[in-house]
Amino acid sequence: MDIRVEKAAPDLLKAKPDENSLGFGKHMTDHMFVMLYDEHLGWHDAAIKPYGNFSLDPAAMVLHYGQEIFEGLKAYHGKDDRIYLFRPTDNLQRMNISAARMCMPEIPVDVVYDALKKLITLDKGWIPKVDGATLYIRPTMVASEAGLGVRPAKQYIFFIINCPVGAYYPEGFNPVKIFVTDKYVRAVAGGVGNVKTGGNYAASIMAAVEAQKQGYTQVLWLDAIERRYIEEVGTMNIFFLIGDELITPPLTGSILPGITRDSVLRLTKDWGLKVSEKRISIGDVLSANEKGTLREVFGTGTAAVISPVGEINYKGQICTINNGKTGELAQKLFDELQAIQNGYTKDPYGWVVEV
Ligand SMILES: *Cc1c(COP(=O)(O)O)cnc(C)c1O
């Protein structure tokens with residue numbers, strides 16, 4: 001499939017935001033990639049074009065029943081003006097797993113990967129250069145067919161938009177406080193919690209709002225059935241360092257299989273740590289804390305890379321971790337992953353690709 005390239009007219013290029021106050025997801029770049037699907041033509045009309053609005057029929061199926069999937073990855077600015085992506089085809093393959101679950105068409109990974117590299121190259125002036133800041137990439141697919149029947153749509157729009165995002169920790173690591181909810185649940189095995197579809201996030205907002213009212217930045221989700229076993233936190237996977245064992249919940253169908261999670265498992269195993277993917281209950285975490293063996297807790301995800309947790313609130317019981325400070329392992333993982341992603345250190349895993 002050919003990818004048409006329609007560049008924005010020079011006088012329509014946007015002013016670039018200040019790299020020191022980017023925030024997250026506020027400023028979109030000058031161009032986007034768009035490709036259409038319909039049941040007879042398959043994927044067609046692939047184009048890189050100026051960033052702009054879509055025209056959608058008000059009956060477009062995504063607006064009613066939420067047939068939508070997305071991904072999140074980043075482009076990094078490295079030495080000598082090089083541009084790197086971190087495990088990009090893993091994101092595109094994961095998107096196809098999400099597509100299958102949501103009865104949406106698979107994307108041609110080679111075409112989309114090629115389009116992504118062309119788009120990043122065209123908008124490379126948007127990749128921030130300040131330490132820790134990156135270009136966040138958002139591939140998305142929505143059902144565009146007009147109709148109010150509940151069934152798989154026959155037409156879709158796939159697009160990629162990009163936005164420069166600031167360093168998650170401009171003043172160094174700041175451990176987050178998380179609130180364990182036993183009132184709401186995020187996902188259940190057999191549902192869609194293991195794929196990146198918009199409905200999961202819509203369903204999570206209320207718990208997040210209530211946690212924020214109490215001064216907590218994120219929600220820690222427990223399993224939907226017993227409300228005991230740890231699942232994940234906000235939009236991150238979670239790890240516990242208890243004694244000498246690093247523990248993360250297994251992928252049993254209700255947890256998103258994070259690429260950062262997978263990278264952390266790989267690195268820590270190679271560092272010789274004892275690493276387990278196993279069920280861990282909130283009771284296990286609290287009792288480890290009482291015994292003094294709970295050494296570190298941290299979340300993992302593309303946006304923050306590593307997010308140390310300084311406090312957990314479960315039913316009003318406050319559990320302070322590592323005196324609310326960032327642990328050694330979290331710091332080491334953050335430094336190593338960032339160095340690999342920006343091409344500052346050798347990548348023995350083949351994770352990083354130059355654009
Ligand atoms: C995206 C996401 C993650 C993290 O996945 P990464 O591939 O590491 O970015 C974890 N949990 C949820 C619910 C997510 O949406």
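Just follow the structure's listing: the first ligand is 1, and inside any ligand the first atom is 1.
A centroid separation of less than 6.0 Å is found between the aromatic rings of Phe70 and Tyr201.
Glu245 and Ser276 form a side-chain donor-acceptor contact under 3.5 Å, judged by distance and modelled atom types alone.
Cluster note: Leu13 groups with no other residue, as no ILVMFWY side-chain heavy atom lies under 4.5 Å from it.
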> So Phe24 and Tyr136, ring-ring contact (aromatic ring centres under 6.0 Å, His included) or not? Walk me through it.
Replying inline: CA-CA 9 Å; Phe24 188 87; Tyr136 186 77; 5.0 Å; yes
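Between Phe298 and Phe239, the ring planes lie parallel to each other; the angle is under 30°, not in the 30° to 60° tilted range.
No more than 12 heavy atoms of other residues, nucleotides or ligands lie within 6.0 Å of NZ in Lys7, so this atom counts as exposed by the packing criterion.
The contact shell of ligand 1, taken as protein residues with any non-hydrogen atom closer than 4.0 angstrom, comprises Arg94, Arg186, Lys196, Tyr201, Glu232, Thr235, Met236, Asn237, Leu256, Gly258, Ile259, Thr260, Gly301, Thr302.
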